[in-house]
Amino acid sequence: MARVKALLLENIHTEATRILTERGYEVENRPGALTEGDLIAALDGVTYLGIRSRTQITRDVIDAAADLKAVGAFCIGTNQIDLDAATEAGVAVFNAPYSNTRSVVELAIAEIISMARHLTDRNQDVHEGRWDKSAVGSHEIRGRSLGIVGYGNIGSQLSVVAESLGMSVYYYDIVDRLPLGNAKGVSSMAELFERCETISLHVDGRPGNANLIGAAEFAAMRPRTLFLNLCRGNVVDHDALHENLVSGHLAGAAIDVFPQEPKAKGEPLVSKLQGLRNVILTPHVGGSTEEAQVDIGRYVAGKIADYESHGATSMSVNLPEVAAPSPRDHRIVHLHHNVPGVMARLNNLLAMHDMNIRSQTLSTRGQLGYAVTDVTGVAPAGLLDELEALEETVRVRVL
């Protein structure tokens with residue numbers, strides 16, 4: 001029997017390779033992202049694909065990858081994947097929504113303190129032989145206000161840590177979120193900008209968030225605001241950011257993500273923010289700690305392995321979620337169009353082959369339904385073909 005083949009791109013942590021190899025997979029690792037054409041060629045015979053943020057999974061890639069069952073995004077975001085195309089093809093998508101939360105939060109806190117104390121300037125001064133021990137312009141963050149745009153996993157955790165350091169925290173989110181600690185929600189970004197001396201962005205990269213912060217938003221911020229973007233490069237107008245930094249309206253900025261980023265290590269980054277002393281620039285390393293990468297590798301690889309062996313789709317971003325333990329006998333996993341009568345047709349087909357249903361779980365999500373059925377007895381030859389022939393079937397496996 002041929003081994004299941006997994007392709008891991010973009011230097012995914014070796015923990016993922018270890019887990020998949022131990023499950024019996026044939027794992028190929030490649031260091032960087034691939035272009036669409038190269039990716040299509042590389043996916044021949046590949047069952048599971050692992051990527052990070054730079055690889056683009058387009059509809060053409062999904063359509064060409066006949067053997068692909070699932071994509072693991074070893075990161076938080078999935079906007080680099082055409083989720084509609086993946087869903088239509090029955091390709092499961094898994095990500096790691098929590099694994100690097102603490103790493104991003106710690107970087108944000110470190111940068112807030114660094115900007116408040118002008119540590120990058122002081123560091124450069126001493127390296128260049130200048131001794132300036134002045135306290136002018138340096139501040140503690142205790143007692144200062146932090147405004148968070150986007151109060152999801154990272155934003156809410158940043159809220160907790162910042163408050164523990166004595167900051168007053170306010171947040172704005174388009175979804176009604178329960179505040180943690182003493183954080184206070186506000187009704188608009190304008191109100192957030194009016195209240196807070198430091199603004200940190202933690203939103204996703206959906207098209208509607210493109211240039212979320214531009215000239216008008218910067219103008220609405222308090223003079224000498226500190227500004228951070230550690231989420232997505234397309235949400236900030238860098239021309240407007242540059243103008244407000246040069247004019248002094250913003251006291252400083254910390255930027256970890258960029259509208260156009262190099263595709264591989266060693267390629268140059270070009271940004272008009274380079275060379276400004278009141279700006280901290282980092283190469284998209286918010287989640288790049290050993291702890292986070294190990295956890296991401298373990299988490300996403302585990303989801304892929306459970307999907308292959310159990311049919312479990314728990315925490316999938318695009319398929320109906322079913323938490324499925326190890327099968328006791330035979331398991332049939334059936335992804336289908338969510339229409340009336342499909343379960344009756346599935347079960348009638350099993351009954352025709354004298355197969356007894358031990359347990360059955362159904363979950364639906366939008367236009368799709370996902371049934372996990374454990375049966376006793378031996379699955380007869382030709383059953384898989386008959387299941388695939390059902391008009392409603394998107395994808396079916398017998399485990």
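Arg122 contributes atom CZ, which lies 5.0 Å from atom CG of Asp125 (distance to the nearest 0.5 angstrom). Note that CG of Asp204 and OG1 of Thr78 are 8.5 Å apart. Values are rounded to the nearest 0.5 Å. The line from CZ of Arg331 to OG1 of Thr361 is 8.0 Å long, rounded to the nearest 0.5 Å. Distance check, rounded to the nearest 0.5 Å: NE2 of His139 to CZ of Arg117 gives 10.5 Å. With rounding to the nearest 0.5 angstrom, the CG atom of Leu350 is 9.5 Å from the CD atom of Glu386. Here the straight-line distance linking atom CZ of Arg54 with atom CG of Asn11 works out to 7.5 Å at 0.5 Å rounding.
No continuous path of ILVMFWY side-chain contacts below 4.5 Å connects Val257 to Leu250, so the two sit in separate hydrophobic clusters. In the hydrophobic clustering of ILVMFWY residues, with side-chain heavy atoms under 4.5 Å counting as a link, Val149 and Val105 come out apart. Under the 4.5 Å side-chain heavy-atom criterion for ILVMFWY residues, no single connected hydrophobic cluster contains both Leu319 and Leu68. In the hydrophobic clustering of ILVMFWY residues, with side-chain heavy atoms under 4.5 Å counting as a link, Val203 and Ile199 come out together. Ile112 and Leu241 are not part of a single hydrophobic cluster, where members link through side-chain heavy atoms under 4.5 Å apart.
Taking a 6.0 Å sphere around CZ of Arg142, one finds it holds 12 or fewer heavy atoms contributed by other residues, nucleotides or ligands. Heavy-atom neighbours of Asp176 CG from other residues, nucleotides or ligands within 6.0 Å: at or below the threshold of 12. Atom CD of Glu15 has more than 12 heavy atoms from other residues, nucleotides or ligands within 6.0 Å. Within a 6.0 Å sphere centred on CD of Glu267, other residues, nucleotides and ligands contribute more than 12 heavy atoms. Residue Arg395 qualifies as enclosed at atom CZ: its count of foreign heavy atoms under 6.0 Å is above 12. Within a 6.0 Å sphere centred on CD of Gln260, heavy atoms belonging to other residues, nucleotides or ligands number 12 at most. Within 6.0 Å of the CZ atom in Arg345, the count of heavy atoms belonging to other residues, nucleotides or ligands exceeds 12. Residue Asp44 places its CG atom among 12 or fewer non-hydrogen atoms of other residues, nucleotides or ligands, all under 6.0 Å distant.
Put simply, the side chain of Thr58 reaches to within 4.5 Å of the side chain of Val61, judged on heavy atoms. By the 4.5 Å heavy-atom criterion applied to side chains, Asn338 and Arg365 are not counted as neighbours. Using a 4.5 Å heavy-atom threshold, the side chains of Thr120 and Asn278 count as separate. Residues Asn229 and Ile255 form a side-chain contact, since some pair of their non-hydrogen atoms from C-beta on lies under 4.5 Å apart. Taking 4.5 Å as the limit, every side-chain heavy atom of Asn79 sits out of range of all side-chain heavy atoms of Arg206. By the 4.5 Å heavy-atom criterion applied to side chains, Ser53 and His284 are counted as neighbours. Counting heavy atoms from C-beta outward, Val333 and Val396 have side chains that stay 4.5 Å or more apart. Here the side chains of Gln80 and Thr55 are not in contact, with every heavy-atom distance at 4.5 Å or above.
The minimum heavy-atom distance between Pro380 and Met355, with the atom names listed, is CD-SD, 3.8 Å. Val93 and Ala86 make their closest contact through CG2-CB, 4.0 Å (heavy atoms, listed as atom of the first residue, atom of the second, distance). Nearest heavy atoms, Leu349 versus His353: O-CD2, 3.3 Å. Pairing each heavy atom of Phe74 with each of Ala16, the nearest pair is CE2-CB, 3.6 Å. Here the closest non-hydrogen pair linking Ser159 and Ala183 is OG-CB, 3.4 Å. Considering every non-hydrogen atom in both Ser103 and Thr289, the closest pair reads OG-OG1, 2.6 Å.
His337 and Gln367 form no side-chain donor-acceptor contact under 3.5 Å, judged by distance and modelled atom types alone. In the model, Thr282 has a side-chain atom that pairs as donor or acceptor with a side-chain atom of Asp256 under 3.5 Å.
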Do Lys69 and Tyr48 pass the side chain to side chain contact (heavy atoms under 4.5 Å, CB included) test, and can you show the C-alpha distance, the side-chain angles, and the key distance before you say yes or no? CA-CA 6 Å; Lys69 292 181 185 176; Tyr48 295 105; 3.5 Å; yes
Should Arg222 and Ser145 be marked as a side chain to side chain contact (heavy atoms under 4.5 Å, CB included) after you check the CA-CA gap, both sets of side-chain angles, and the distance that decides it? CA-CA 11 Å; Arg222 294 167 60 166; Ser145 55; 4.2 Å; yes
In sequence, state the C-alpha distance, the side-chain angles, and the governing distance for Thr376 and His330, and then conclude on side chain to side chain contact (heavy atoms under 4.5 Å, CB included). CA-CA 6 Å; Thr376 58; His330 292 283; over 6 Å; no
Stepwise side chain to side chain contact (heavy atoms under 4.5 Å, CB included) check, Arg102 with Leu158: CA-CA 8 Å; Arg102 183 67 186 198; Leu158 175 60; over 6 Å; no
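Side-chain atoms of Glu217 come within 3.5 Å of backbone N or O of Gly214 as a donor-acceptor pair. With hydrogens and angles disregarded, no donor-acceptor distance shorter than 3.5 Å links the side chain of Glu88 to the backbone of Ala85. In this structure, Asn244 contributes its side chain and Ala240 its backbone to a donor-acceptor pair below 3.5 Å. A donor-acceptor pair is defined here as one N or O able to donate and one able to accept, closer than 3.5 Å; such a pair exists between the side chain of Ser363 and the backbone of Glu321. In terms of modelled atom types and a separation under 3.5 Å, the side chain of Thr225 and the main chain of Thr198 share no donor-acceptor contact. In this structure, Asn318 contributes its side chain and Ala92 its backbone to no donor-acceptor pair below 3.5 Å.
The residues Asp306 and Lys303 are annotated as not salt-bridged, no charged nitrogen and carboxylate oxygen being separated by less than 4.0 angstrom. The residues Glu308 and Arg23 are annotated as not salt-bridged, no charged nitrogen and carboxylate oxygen being separated by less than 4.0 angstrom. With respect to Arg358 and Asp374, no salt bridge is recorded, no charged nitrogen being found less than 4.0 Å from a carboxylate O.
Under the side chain to side chain contact (heavy atoms under 4.5 Å, CB included) test applied with Tyr170, the options Arg195, Glu191, Glu194 reduce to a single match, Arg195. Considering Leu7, Leu9, Thr14, Leu8 as possible partners of Asn29, the one that fulfils the side chain to side chain contact (heavy atoms under 4.5 Å, CB included) test is Leu8.
Note: Phe218 and Phe227 meet the aromatic proximity criterion, with ring centroids under 6.0 Å apart.
For the pair Arg397 and Tyr307, the cation-pi criterion (under 6.0 Å, within 45° of the ring axis) is fulfilled.
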